[in-house]
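None of these values were measured; they are calculated from a predicted model.
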Amino acid sequence: MTESGTTTLREKAIALLAVSIGAFVFYTSFTGAFESLIQRSVFVAMIATLAVLMYPLFGGSKLRPLGILIDVVIVGICVASSAYVISNFERIMNDLPWAQPVDIALGFATLVAVLELARRTSNWVFPMIVTLSVAYAFFGYLIPGQFGHRGFDAGYLTEIIFLSDRGLWGMLVNVASTTLAAFVLFGAILLHTGAGQTFFDLAARLGGARPGGAAKIATLASGFFGAINGSTVANVATTGNFTIPLMKRLNYPPAYAGGVEAIASTGGQLAPPIMGTAAFVMAEVVGVNYWSIALAGILPAVLFYLGVYSTVHVIAKRQHFKPVAADELPDWREALTLARVSPIIAAVAGLGFGILNGNSVELTACYGMIAMIVTVTVARLLTGQSLSEVIRIIVSALQEGGRGVVIVGVLLVGAQVFVAMINLTGLGIAVTGAVLEVGQGNFWLIAILMAVVCLVAGMGLPTSAAYVLVAAVFAPAMIQQGIEPLIVHMFVLYYAALSVITPPVCLGVFVAATIARTSWFQVAIQTLRLGATAYVLPMLFLIYPGMLGDGGPVAIGHAVLSGAVFTLSAAHLLGGAPMRGGLAVSAIWLLPAVLALMEGWTPTLLAAVILLGLLFVSRAELRRQEALSAASPG
């Protein structure tokens, strides 16, 4: 909006194009996608144009006229290349054409345009990595040893990047334009039909009245929102603007308030259904059904939030953090009205119908969207709202869905080029050989090495992009150790997601620190403390495949018990659960945690018994300290 309150031409164009993208996604989800190259190229042209409008170059500066010129050129290149591919898609798919000079120019110009948009929507790290992968494909012949290769000329690279379905129009772009976009739109409609406020009210009622209530609200609300919006940074920025000031108002240390929000928002990237938008990509890469990925992610997500919630609870009891005042909590009757709850029920019912009917993922999401739209229309009309108000809600949801697809869409276009270069040059095979050589056959050394590499390689990147880049290069090293591909890719996803809160490049922490108005380093320390269990959790995937639903009921039950014992033991250790004898005695919480990491039922059952005993002793000590505090004068 301008100062006079009128909408600028650019803002109108953003709204119109975002709604158009939302409508395109809805239509193709319901009727089925167009021919692959047509679907993908139309999608790329639309999101590239919207990205230019949403992230104008040199906006608000004296260089804006130059920025306008460059923006027009970028849009022209992306639209022209998409139109070229649409008009030649049969020749590209059937004849595998040789690259001509015009193809080379248009192909590399489109790649540069996409990488520039990726820089605007995220940062310089991602486009730099993709650029280096293309340079490696060009000049690999100059590199000696196992990382060298014969090198490829511009014509051949153009045939891969531009004149095929392996580069700019590849598999990841297909995922972005179909299943991923459908669920982003599903989430936008869900939130715009009132579910957003309902989720927050439920989080407030479930956690707010207990000790440390504000931190528990942040934990639950961020989990609800993060499972839908697919971005740690966006989650921190939205829920954190309410939860962090609330915690500070109740005398929580600012760094602690920021840490709670940062780690809770990160967990949303690992919770079904969207899992940081990486679940859909993983389904394509691993070659399994999307619903298998979503089911596999349930138990780890529950353990993640059990760890955060338990640590927050222990700290609250020790630090005497008060509950949120009753008059600040929403009323159950307001939170659970028919108008508020019915869209959520309809969404679940729509998804259930699609799943039971055996429909595609995008059509299943579409059934959920249709159910929500019908339900919210009826509910709002019954409460006295006009049809125009309902239409405004639906249009706003389509607009938000269209905008939400832009960042991840642009990044996945660039990521697909990176994957194509890795496959072409054999870098993944070379890295696998190097990792196995360094690990010298030691499975756990290789796993730890992989975890560190994932954390470093994913820094500064959104979850989906970090997952794709890391999985393409490093996942084969673990798969060669005989680990199931799904387990390996979930392992990679977790560490790629955790990289967003891992110093020194920890974007989620930076945003939380800005809201908390404190040092990012202090927030990072608190985040690592609260989320320490999450850094060990992927290792449990390797010990207990049942944690991802593999091996039958007994294996799953063993994984649940071991995971819960480890998580609760670590939470009480990190939270500083009171034990008579001080810090040295508190280290005894390590005993059940370590036993839970050992294979076999015997150490698991022993760990569970020890944990129950420690919980009893700790609670007795807490009551003793509270009694002494109450009896002391003043």
Side-chain angles (χ1 to χ4, degrees), residues 96 98-99 104 107-108 111 114-115 125-175 281-282 284-287 411-441 443 445-447 449-454 456-458 461 465-486 488-489 491-493 495-496:
L96 303 176
W98 293 92
I104 296 173
F108 279 94
L111 177 60
V114 167
L115 294 182
V125 175
F126 176 78
M128 181 63 69
I129 292 172
V130 178
T131 300
L132 288 175
S133 73
V134 177
Y136 178 67
F138 266 118
F139 303 112
Y141 67 91
L142 298 175
I143 301 175
Q146 68 185 97
F147 288 100
H149 60 84
R150 66 183 181 87
F152 302 93
D153 61 24
Y156 190 77
L157 289 182
T158 299
E159 292 161 20
I160 299 295
I161 293 172
F162 187 65
L163 296 176
S164 76
D165 60 353
R166 290 182 284 171
L168 290 165
W169 329 107
M171 173 264 296
L172 297 181
V173 186
N174 182 64
V175 173
V281 178
M282 189 188 300
E284 288 288 336
V285 173
V286 180
L411 292 177
L412 286 181
V413 175
Q416 179 62 61
V417 173
F418 174 84
V419 171
M421 296 299 99
I422 296 304
N423 292 336
L424 178 66
T425 59
L427 179 61
I429 297 173
V431 170
T432 296
V435 169
L436 295 179
E437 183 178 347
V438 172
Q440 297 181 343
F443 175 79
L445 177 58
I446 292 172
L449 181 63
M450 287 290 299
V452 173
V453 168
C454 291
V456 173
L461 299 176
Y467 161 72
V468 170
L469 299 191
V470 175
V473 179
F474 300 106
M478 292 191 70
I479 292 174
Q480 280 201 14
Q481 294 295 296
I483 308 299
E484 288 293 322
L486 175 58
V488 172
H489 282 267
F491 181 93
V492 170
L493 171 61
Y495 285 114

So Phe139 and Tyr141, would you call those rings parallel, tilted or perpendicular, with 30° and 60° as cut-offs?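 The rings of Phe139 and Tyr141 sit tilted, inter-plane angle from 30° to 60°.
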When rounded to the nearest 0.5 angstrom, what distance separates [atom1] in [X] from [atom2] in [Y]?
{"X": "Leu469", "Y": "Leu411", "atom1": "CG", "atom2": "CG", "value": "9.0 Å"}
{"X": "Asn423", "Y": "Arg166", "atom1": "CG", "atom2": "CZ", "value": "9.0 Å"}
{"X": "Thr432", "Y": "Gln480", "atom1": "OG1", "atom2": "CD", "value": "5.5 Å"}
{"X": "Ile161", "Y": "Tyr156", "atom1": "CD1", "atom2": "OH", "value": "11.5 Å"}
{"X": "Leu157", "Y": "Phe162", "atom1": "CG", "atom2": "CZ", "value": "14.0 Å"}
{"X": "Met450", "Y": "Gln481", "atom1": "CE", "atom2": "CD", "value": "10.5 Å"}

Side-chain contact, heavy-atom cut-off 4.5 Å: [X] with [Y]?
{"X": "Val453", "Y": "Val470", "answer": "no"}
{"X": "Val452", "Y": "Tyr495", "answer": "no"}
{"X": "Leu412", "Y": "Val173", "answer": "no"}
{"X": "Thr425", "Y": "Phe152", "answer": "yes"}
{"X": "Ile483", "Y": "Phe491", "answer": "no"}
{"X": "Ile129", "Y": "Phe418", "answer": "yes"}
{"X": "Ser133", "Y": "Val130", "answer": "yes"}
{"X": "Ile160", "Y": "Met421", "answer": "yes"}

Tell me the closest heavy-atom pair linking [X] and [Y], and the distance in Å.
{"X": "Gly155", "Y": "Ala99", "result": "O-CB, 3.4 Å"}
{"X": "Gln146", "Y": "Ala430", "result": "NE2-O, 3.1 Å"}
{"X": "Ala472", "Y": "Val419", "result": "CB-CG2, 4.0 Å"}
{"X": "Ala475", "Y": "Val488", "result": "O-CG1, 3.6 Å"}
{"X": "Tyr136", "Y": "Gly148", "result": "OH-N, 4.4 Å"}
{"X": "Val114", "Y": "Gly414", "result": "CG1-N, 4.0 Å"}

Evaluate whether atom CD1 of Ile429 has more than 12 neighbouring non-hydrogen atoms of other residues, nucleotides or ligands under 6.0 angstrom away. no
Should the heavy atoms of other residues, nucleotides or ligands under 6.0 Å from CD of Glu484 be counted, would the total exceed 12? no
Can you confirm whether the side chains of His489 and Tyr467 place a donor and an acceptor under 3.5 Å from each other? yes
Ignoring hydrogens and geometry, is there a side-chain-to-backbone donor-acceptor pair from Gln416 to Trp169 under 3.5 Å? no
